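Quantities reported herein were computed from a predicted structural model and do not represent experimental measurements.
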There are 2 protein chains.
Amino acid sequence: MASEVQLVAGSAAWWASRKPAPEYRRGRPPMDAGRIVAKALELVDEVGIQALTLRMLADALGSGTATLYRHFKGKDELLALVADRFLGEVSVPPEELDGLSWREAVSTVAEALHGTLCRHPNALSLLAAQVPVGPNALRARERLITLFLSHGFPVELSARAFTAIGHYVIGFAIQQHGPGAPGPEDHAQLRDYYHSLDPADYPATIAAAGELTSVSLHDEFLFGLGLLLDGLERARSNALQEPEAAVGH
Amino acid sequence: MASEVQLVAGSAAWWASRKPAPEYRRGRPPMDAGRIVAKALELVDEVGIQALTLRMLADALGSGTATLYRHFKGKDELLALVADRFLGEVSVPPEELDGLSWREAVSTVAEALHGTLCRHPNALSLLAAQVPVGPNALRARERLITLFLSHGFPVELSARAFTAIGHYVIGFAIQQHGPGAPGPEDHAQLRDYYHSLDPADYPATIAAAGELTSVSLHDEFLFGLGLLLDGLERARSNALQEPEAAVGH
DNA sequence: ACCTGAACACCGTTCAAGT
DNA sequence: ACCTGAACACCGTTCAAGT
């Protein structure tokens, strides 16, 4: 309700307001923000984001909870930094994309991002909050948009393609690795559940039960990614043939 | 670590284990599960999922927190029911799809789902947990798979198409309506932030800054949905021409 | 100047005691 | 049989007091 400008942790304005690390520390810092964030990500990976406690984090660092508040305004701010740190682990060596078509290159980057997200399932929901605009997110964005531009995509189409791919990869991963941890045994459970339904009410679901539960979620991810790339291929052809036409329709 | 079968709230096994409502209540029930869930969704819409407190919910119902535990094992179980109830608000009258092509029909259903999700931004993250398999989720799944099947999609392609569309819509909405509430003013902030970056480091991002922030997220949603439908159109043509071929590649 | 023990208000959950 | 006040252990956060 307040018309005051609020700095939401993780927002563009919040990142812009962050100082570039004081650096007037003489000798060794007894406790710096980087070390706290790194340990926080470790703990999130281990116990999950809900179970992460400031007391637990402080203990792991050999400190007290109050000390954490000297480096972060609160848990939200700490988690925003954890989110960007974990995005920083996405790495695709530039030479890996040499000689690839735009489609292969985008696919490689998307799969690398997806792979990193899958390696930190417990941290994933941190990306649901807002458009990630920390330094590591910026680097990834720059990389992918450059890829589109360098392969002849117009600026507008590049921007939309980036958002579509980025939202798809992150959105899919978030659902793929929820707290309900859908392992292989859950697949079997789900199939049994579908088959236990009343055929009069759910004929299509029952007919598709095997197909809905036999394919791994990773293959489902690749299938959806392929659909998006198919669509982008078509949009790119259209744009190159009629440079003046709008992207839509 | 326990090898015991755990019933995770919201999982297929958990839904399967739920009794179909005792119904031996004589007279009027002083407090039934449906009323609690309805009020819980109301409160989640108002104050957000994090701020929802069992005490708050009990107060709103004129009761105490302990009473809630007579109907649900805990907050997780309550929220799983809230999630399905809110999926139940998606409604597309059957006649609305009459005479539409499969593409128009799927698009209509996807947009209806997206619209409902947008109307409950605070409840959205409830869908991130696992594959929703409550009764209302089942109904929606049945509907959409039927749509694919009735328009000549093979069973396997129907199943994958459903998952791709479903994950896309839910995943996009989750990112669209995070706690960081990206309103129009945030768009401007984000654009300014991009423009404030070092052109040497982020040339592509800066070039695309206007395009990245000028288009509404709803249009971005429609664009990505269109890409997926383009891809499905192609996959459908391929499947109809070579019925024996696999879906992949 | 930097750190922290101890407290505060509040959370989800439980259970003995009420009706 | 059904409900609940009051307590329990624990959370994020604060601040006066230590070094």
Side-chain angles (χ1 to χ4, degrees), chain A residues 6-10 19 21-37 39-40 43-44 46-83 122 125-126 129 179, chain B residues 6-10 19 21-37 39-40 43-44 46-83 122 125-126 129 179:
Chain A
Q6 271 214 40
L7 287 191
V8 180
K19 307 290 182 298
E23 202 69 56
Y24 50 40
R25 47 178 195 185
R26 332 178 241 271
R28 228 170 42 89
M31 174 90 40
D32 65 304
R35 197 160 78 89
I36 299 177
V37 172
K39 180 62 78 179
L43 289 174
V44 167
E46 272 179 46
V47 303
I49 194 169
Q50 284 279 0
L52 172 69
T53 284
L54 293 188
R55 260 166 261 262
M56 178 190 308
L57 176 58
D59 281 353
L61 293 164
S63 173
T65 58
T67 302
L68 301 175
Y69 283 81
R70 295 200 51 72
H71 298 273
F72 313 103
K73 253 192 205 160
K75 199 183 185 185
D76 286 351
E77 189 166 313
L78 170 67
L79 290 179
L81 287 162
V82 170
N122 285 335
S125 60
L126 294 177
Chain B
Q6 271 214 37
L7 287 191
V8 180
K19 308 291 183 299
E23 202 69 56
Y24 50 42
R25 48 180 193 182
R26 336 179 238 271
R28 228 172 40 91
M31 173 90 40
D32 65 304
R35 197 161 78 91
I36 299 178
V37 172
K39 180 62 79 177
L43 288 174
V44 166
E46 272 179 45
V47 304
I49 194 169
Q50 284 279 0
L52 172 69
T53 284
L54 293 187
R55 261 166 261 262
M56 178 190 309
L57 176 58
D59 281 354
L61 293 164
S63 172
T65 58
T67 302
L68 301 175
Y69 283 81
R70 294 198 51 72
H71 299 272
F72 313 104
K73 252 192 206 159
K75 199 183 184 183
D76 287 351
E77 189 166 312
L78 171 67
L79 291 179
L81 287 162
V82 170
N122 284 335
S125 60
L126 294 177

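For the salt bridge (Lys or Arg N to Asp or Glu O under 4.0 Å) condition, no pair includes a residue of residues 64-76 of chain B, sequence neighbours left out.
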When you check every protein heavy atom under 4.0 Å of nucleotides 7-19 of chain D, what one-letter string (B, S, -) results, 5' to 3'? B---BBBBB----

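For the pair A:N122 and A:L52, the minimum side-chain heavy-atom distance is 4.5 Å or more.
Within the model, atoms OG1 of A:T67 and CG of A:L54 stand 11.5 Å from one another, a figure rounded to the nearest 0.5 Å.
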In dot-bracket form, how is DNA chain D paired, counting a Watson-Crick or G-U wobble pair only if both its distances are under 3.5 Å and using | for bases paired to another strand? ||.|||||...|||||.||

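Between the CZ atom of B:R70 and the P atom of D:dG5 there is a distance of 14 Å, given to the nearest Å. Atom pair B:L68:CG and D:dG5:C1' shows a separation of 14 Å (rounding to whole Å applied). One interatomic measurement links the two molecules: CG of B:D59 to C1' of D:dC3, which rounds to 16 Å at whole-angstrom precision.
Residues forming a side chain to side chain contact (heavy atoms under 4.5 Å, CB included) with A:A66 (at least two apart in sequence, or on another chain): none. Scanning for side chain to side chain contact (heavy atoms under 4.5 Å, CB included) contacts around B:F72 gives B:A33, B:I36, B:V37, B:E77, B:L78, B:L81, with sequence neighbours left out.
The two residues A:A58 and A:G64 make their nearest non-hydrogen contact at CB-C, 3.4 Å. B:D32 approaches B:H71 most closely through the heavy-atom pair CA-CE1, 4.2 Å.
Phosphate contact (OP1/OP2 of C:dC3, side-chain N/O of A:T67, threshold under 4.0 Å): absent.
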After noting the C-alpha distance and the side-chain angles of A:I49 and A:V82, does the key distance pass the side chain to side chain contact (heavy atoms under 4.5 Å, CB included) rule? CA-CA 11 Å; A:I49 194 169; A:V82 170; over 6 Å; no

